[in-house]
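Scroll down for the structure; my scribbles are underneath it.
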Amino acid sequence: MIRQPNRRHFLASGLAAAAVWPMLGSVRAAQFETDPFALGVASGCPTPSGVVLWTRLIFADAAPSPADAFSFAPAPQFPPIDVAWEIAADEGFARVRQSGIVTADERLAHSVHVQVEGLEPDRWYFYRFRAGDALSPVGRTRTAPAAGAENGRFSFAFAACQQYEQGWYSAYRDMAGRDLDLVVHLGDYIYEKSYGAGHVREHGTGAPSLLFEYRDRHALYKSDPDLMAAHAAFPWLVTWDDHEVVDNYGQDASPTDRRPEAFLRRRAAAYQAWYEHMPVPPLAAPSFEALRIYGHHRFGSLLDVTLLDTRQYRDPAPEAPQPAEMSRYTMLGAEQEAWFDRTMQESKAKWSIIGQPTLLSSRDLELGPGTRYSDDGWDHFRSARGRLLNSLRSADRANPVVIGGDLHCFYAADVKAEDQTLVASEFVTGSITSNAPSASAFETVMAENPHLRFGEARKHGYCLMHVAPDQARVELVAVSDRKDPAASAAKFQEFVVLDGMPGVNRV
Ligand SMILES: [Fe+2]
């Protein structure tokens with residue numbers, strides 16, 4: 001609970017703060033029994049002139065980590081709180097470049113999303129928040145290179161699938177110590193359920209369906225210090241997959257809730273909690289019945305990252321589709337498909353990174369002459385995949401590289417059109433922690449799908465991509481043991497994609 005402001009404290013901290021934070025005169029004083037910044041800070045969506053800063057004030061009776069520490073179940077009435085922010089060119093905040101005050105309130109779980117503008121391109125910045133007598137940790141972020149800048153290198157990590165109970169986030173601790181420009185998260189940031197056995201820690205609550213339950217789940221994941229460190233170290237771009245809402249949902253349908261009205265209420269709660277916990281731009285008029293998250297992010301003349309939403313607009317998959325029906329199924333929805341076409345046509349960058357949650361390439365799961373495909377992935381939406389690949393081909397994109405997650409295996413693949421033309425290169429990251437498929441299922445996949453040039457199902461970690469004008473180099477990084485909180489991490493495989501030559505090359 002927030003204590004009532006104490007007048008003596010107000011005077012003392014107000015004066016002290018005023019010297020450092022010129023704008024704090026109007027910030028309401030408040031003291032907190034626990035650190036309101038216990039979920040850390042984050043930044044995202046960098047542009048040449050700006051970035052989004054994020055935090056969420058949290059009021060708990062206990063320090064974060066036990067699952068029930070964040071329970072909002074009784075819906076306590078927390079007042080609105082003014083939060084001051086500043087962003088500086090140096091870590092000591094001697095050269096503050098922008099600052100301001102925003103009011104965080106209960107309607108959006110006291111989350112803060114600040115769209116900063118007026119920054120210099122391709123620079124490191126440092127940012128922090130203050131509320132009452134509490135100061136946040138310092139985050140570091142980087143603006144994108146200017147449009148058309150002749151930038152020669154760019155490094156980013158991509159990650160997915162971080163079931164909290166199935167392992168520690170040592171992969172993020174390793175990532176936070178690297179020299180990166182960006183992190184891209186490809187979905188399954190939270191899991192709605194307790195999958196698997198041999199947990200190292202517990203959600204402590206069942207599957208969420210109401211807003212406060214999704215908020216609690218996000219807060220629990222965000223309370224992890226290694227995840228917090230990776231957010232504080234770099235700007236992130238994020239898209240979602242299914243577990244942010246419920247396993248295998250599509251548009252307004254869920255396998256576990258067949259009543260669209262009830263499911264859409266649950267989905268809106270999940271989308272709202274996701275927004276409240278992600279470093280995405282502030283919404284002018286928040287409505288969570290729909291939330292546009294797909295987008296195109298430019299990083300000078302060298303690369304751009306196009307992030308897709310394959311969940312919100314997909315056609316719910318019937319169990320036994322007729323081939324004629326399948327041709328009209330959409331994974332992205334008509335609007336996002338048209339937007340993707342336009343984006344690819346207009347993009348001039350040397351490398352086009354296309355981030356989507358799963359494997360774009362086909363993956364036959366049946367050993368021998370027959371075929372069997374997942375009904376949750378692109379294989380179930382083959383005509384939609386064909387349209388996406390046509391879009392890449394007709395735009396004559398020089399170097400499309402698809403990145404994904406979802407499958408809890410690492411894959412490197414040559415992406416082929418139906419006519420077997422090599423169209424793009426693809427890398428799927430293994431999970432940060434989530435359980436891998438069985439060895440036999442994985443062996444079948446590798447035996448049946450020669451275009452999957454490499455696979456690894458026993459390791460957990462993430463991928464790095466180092467982009468240069470002549471090549472994109474991809475490192476696959478694994479932790480020594482996801483069940484060990486002190487695990488180390490190391491590269492175990494490396495690939496390059498050469499300029500103008502789609503296809504993955506093992507180093
Ligand atoms: Fe996953």
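Remember, it's 1-based here, ligands and their atoms both numbered in the order they're listed.
Ring centers of Phe454 and Phe495: under 6.0 Å apart, within the cut-off.
Judged by the 6.0 Å and 45° rule, Lys459 forms no cation-pi pair with Phe410. A cation-pi contact links Arg201 to Tyr164, judged by a cut-off of 6.0 Å to the six-membered ring centre and 45° from its axis.
With rounding to the nearest 0.5 angstrom, the CH2 atom of Trp274 is 8.0 Å from the CD atom of Glu244.
Take the N/O/S atoms of Asp188: the one nearest the Fe ion (ligand 1) is OD2.
With 2.8 Å as the limit, Tyr191 counts as an N, O or S neighbour of the Fe ion (ligand 1). With a cut-off of 2.8 Å, the Fe ion (ligand 1) has an N, O or S atom of His408 in range.
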